[in-house]
Amino acid sequence: MDRRQFLKLSAAALAAPTLAGLAGCGSGGTATKTQKKMKLVVGFDQEFPPYGYVGDDGKYTGFDLDLAKAVCKMEGWEYKPTPISWDAKDSLLNSGQITCIWNGFTIEGREKDYAFTKPYMENRQVVVVPKDSSVKTLADLAGKNVITQADSAALDLLSEGGAQEKLGSTFKKLQTIDNYNTAFMMLENGSVDAVAIDYPVAVYNIGDRKDEYTILDEALNSEHFAVGFAKTAEGKKLAKTVQADLKKLDKQGKVKKLCEKYADQGVSYDLWVL
């Protein structure tokens with residue numbers, strides 16, 4: 001995805017339930033009086049709309065966070081969204097400070113590193129340029145300054161060993177930044193020539209400024225999002241539980257409603273794959 005030892009927590013308030021407790025929660029019921037309530041600490045990038053961000057009301061919101069909240073309601077878990085630095089996600093997950101990474105988390109290239117659910121959403125990595133840019137195709141990026149988020153799927157694609165390594169090697173420079181808001185400001189002031197980014201995130205950041213920016217027709221790739229847990233026995237159990245719950249939410253029509261809620265931000269039910 002993917003911007004991850006599981007629930008090995010130092011504070012009593014974040015103590016993990018036993019596997020028996022997890023099994024009880026996993027059937028869709030609530031915790032008993034003798035069990036501590038399961039807490040799902042969702043690690044996400046708060047500057048990664050439409051999947052996770054700070055809403056106008058100052059609260060954490062987004063398509064993936066809404067999905068996580070729905071799963072917690074179904075299971076009787078406590079939902080705790082926790083903004084993280086994307087390049088610190090692995091250490092936070094493996095230290096137990098977060099339970100999972102759920103934030104437009106690309107599975108391709110990371111399959112061996114996490115206990116993933118099956119993919120639930122298809123995504124594309126695209127390139128955004130100013131409307132009046134001479135860059136019309138990916139080949140036109142040769143000699144240009146391109147920026148993307150640190151430790152992102154786009155960076156993996158364009159760096160050495162990535163599927164678009166050859167393309168990336170033609171850039172004048174491939175820069176990284178910790179958030180896409182700043183990347184778009186740099187694109188606006190001419191500090192960079194293009195932004196490599198997830199399609200829905202591009203749509204969100206462009207917003208009503210379609211006369212200022214354009215998304216190249218050629219995509220860098222097609223990929224899939226999944227929820228990532230620590231690669232432990234507990235993490236694998238939780239991944240299966242969350243995966244089953246996502247399927248239930250889809251059958252109930254709730255996934256489609258959420259897609260419609262974020263449709264103007266580039267989320268489409270047509271891309272749901274679970």
Side-chain angles (χ1 to χ4, degrees), residues 1-3 28 40 42-77 79-81 83 100-108 116-126 128 149 152-154 179-181 184 195 197-217 219 221-228 239 241-274:
M1 79 136 89
D2 103 307
R3 349 177 174 351
L40 190 75
V42 180
F44 74 102
D45 179 354
Q46 68 175 12
E47 295 180 332
F48 198 69
Y51 301 106
Y53 59 101
V54 180
D56 294 336
D57 59 0
K59 296 180 180 180
Y60 300 132
T61 188
F63 177 74
D64 279 349
L65 294 187
D66 281 358
L67 281 177
K69 189 186 299 183
V71 166
C72 286
K73 183 177 180 180
M74 180 179 291
E75 291 293 333
W77 295 343
Y79 163 69
K80 184 175 176 58
C100 64
I101 301 167
W102 197 337
N103 189 211
F105 196 27
T106 303
I107 192 171
E108 281 84 359
F116 277 113
T117 63
K118 286 185 178 179
Y120 60 88
M121 184 71 77
E122 183 184 1
N123 180 52
R124 288 175 286 160
Q125 293 295 329
V126 297
V128 177
Q149 188 179 44
S152 65
N179 67 83
Y180 283 117
N181 289 333
F184 269 81
V195 178
I197 187 173
D198 299 82
Y199 175 75
V201 184
V203 172
Y204 178 90
N205 279 277
I206 292 173
D208 57 5
R209 298 179 294 171
K210 294 182 177 63
D211 58 337
E212 298 179 37
Y213 303 105
T214 188
I215 300 174
L216 297 186
D217 291 335
N221 80 331
S222 175
E223 61 189 21
H224 299 84
F225 292 156
V227 187
T241 297
V242 169
Q243 178 179 299
D245 287 344
L246 288 176
K247 289 183 177 181
K248 291 175 186 176
L249 289 169
D250 184 30
K251 288 181 180 180
Q252 294 169 359
K254 294 180 180 179
V255 169
K256 187 175 183 180
K257 286 184 178 180
L258 281 180
C259 288
E260 292 170 350
K261 176 181 177 181
Y262 293 97
D264 62 343
Q265 299 179 29
V267 178
S268 171
Y269 185 66
D270 291 339
L271 299 178
W272 184 263
V273 295
L274 185 61

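Numbers here simply count residues along the sequence, with the first being 1.
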Asker: Any side-chain heavy atom of N205 sitting closer than 4.5 Å to one from V195?
Answerer: no

Asker: How long is the span from the CG atom in D245 to the NZ atom in K73, to the nearest 0.5 Å?
Answerer: 13.5 Å

Asker: Walk me through whether L65 and Y79 qualify under side chain to side chain contact (heavy atoms under 4.5 Å, CB included).
Answerer: CA-CA 9 Å; L65 294 187; Y79 163 69; 3.4 Å; yes

Asker: For the residue pair N103 and G52, what are the closest heavy atoms and their distance?
Answerer: ND2-N, 3.4 Å

Asker: Mind checking what makes salt bridge (Lys or Arg N to Asp or Glu O under 4.0 Å) contact with K254, not counting sequence neighbours?
Answerer: none

Asker: Are the side chains of V227 and I101 in contact, using a 4.5 Å heavy-atom criterion?
Answerer: no

Asker: Measuring from C259:SG to L67:CG, what's the distance to the nearest 0.5 Å?
Answerer: 7.5 Å

Asker: Over all heavy atoms of both residues, which pair between T117 and A239 is shortest? Give the atoms and the distance, please.
Answerer: CG2-O, 3.3 Å

Asker: Atom CE in M121, atom CG in L246: separation rounded to 0.5 Å?
Answerer: 10.0 Å

Asker: Please report whether the ring centroid of Y180 lies less than 6.0 Å from that of Y204.
Answerer: no

Asker: Which heavy atom of A226 sits nearest a heavy atom of P119, and at what distance?
Answerer: CB-CA, 4.1 Å

Asker: If the test is ring-ring contact (aromatic ring centres under 6.0 Å, His included), which one of Y51, F63, Y60 qualifies with F44?
Answerer: Y60

Asker: Under the criterion side chain to side chain donor-acceptor pair (under 3.5 Å), which of E108, E122, K118 is the partner of H224?
Answerer: E108

Asker: For D45 and Q149, run side chain to side chain contact (heavy atoms under 4.5 Å, CB included): C-alpha distance rounded to whole Å, both residues' side-chain angles, the deciding distance at 0.1 Å, then the answer.
Answerer: CA-CA 11 Å; D45 179 354; Q149 188 179 44; 2.7 Å; yes

Asker: With sequence neighbours left out, write down each residue that passes side chain to side chain donor-acceptor pair (under 3.5 Å) with D66, or none if nothing qualifies.
Answerer: K261, Y262

Asker: Between CG of N123 and CZ of F225, what distance do you get to the nearest 0.5 Å?
Answerer: 3.5 Å

Asker: Could you check whether D198 and Q125, counting side-chain N and O atoms only, form a donor-acceptor pair closer than 3.5 Å?
Answerer: yes

Asker: How long is the span from the CG atom in D64 to the CG atom in L258, to the nearest 0.5 Å?
Answerer: 10.0 Å

Asker: OG1/T61 to CG/D56 distance, rounded to the nearest 0.5 angstrom?
Answerer: 9.5 Å

Asker: Which heavy atom in V71 sits nearest to a heavy atom in L249, and how many Å separate them?
Answerer: CG2-CD1, 3.9 Å

Asker: Please determine whether side chain to side chain contact (heavy atoms under 4.5 Å, CB included) holds for the pair W102 and V242, giving the CA-CA distance in whole Å, both sets of side-chain angles, and the decisive distance to 0.1 Å.
Answerer: CA-CA 11 Å; W102 197 337; V242 169; 3.7 Å; yes

Asker: Between I215 and A202, which heavy-atom pair has the shortest distance, and what is it?
Answerer: CD1-CB, 4.0 Å

Asker: Looking at D211, I want to see if its CG is surrounded by more than 12 non-hydrogen atoms of other residues, nucleotides or ligands under 6.0 Å.
Answerer: yes

Asker: Is the count of non-hydrogen atoms from other residues, nucleotides or ligands lying under 6.0 Å from D57 atom CG greater than 12?
Answerer: yes

Asker: Below 3.5 Å, can you tabulate the donor-acceptor pairs from side chains in residues 265-274 to any protein atom, sequence neighbours excluded?
Answerer:
residue	atom	partner	partner atom	Å
Q265	NE2	Y53	OH	3.4
S268	OG	D270	N	3.2
Y269	OH	D250	OD1	2.7
W272	NE1	D250	OD2	3.4
W272	NE1	L274	O	3.0

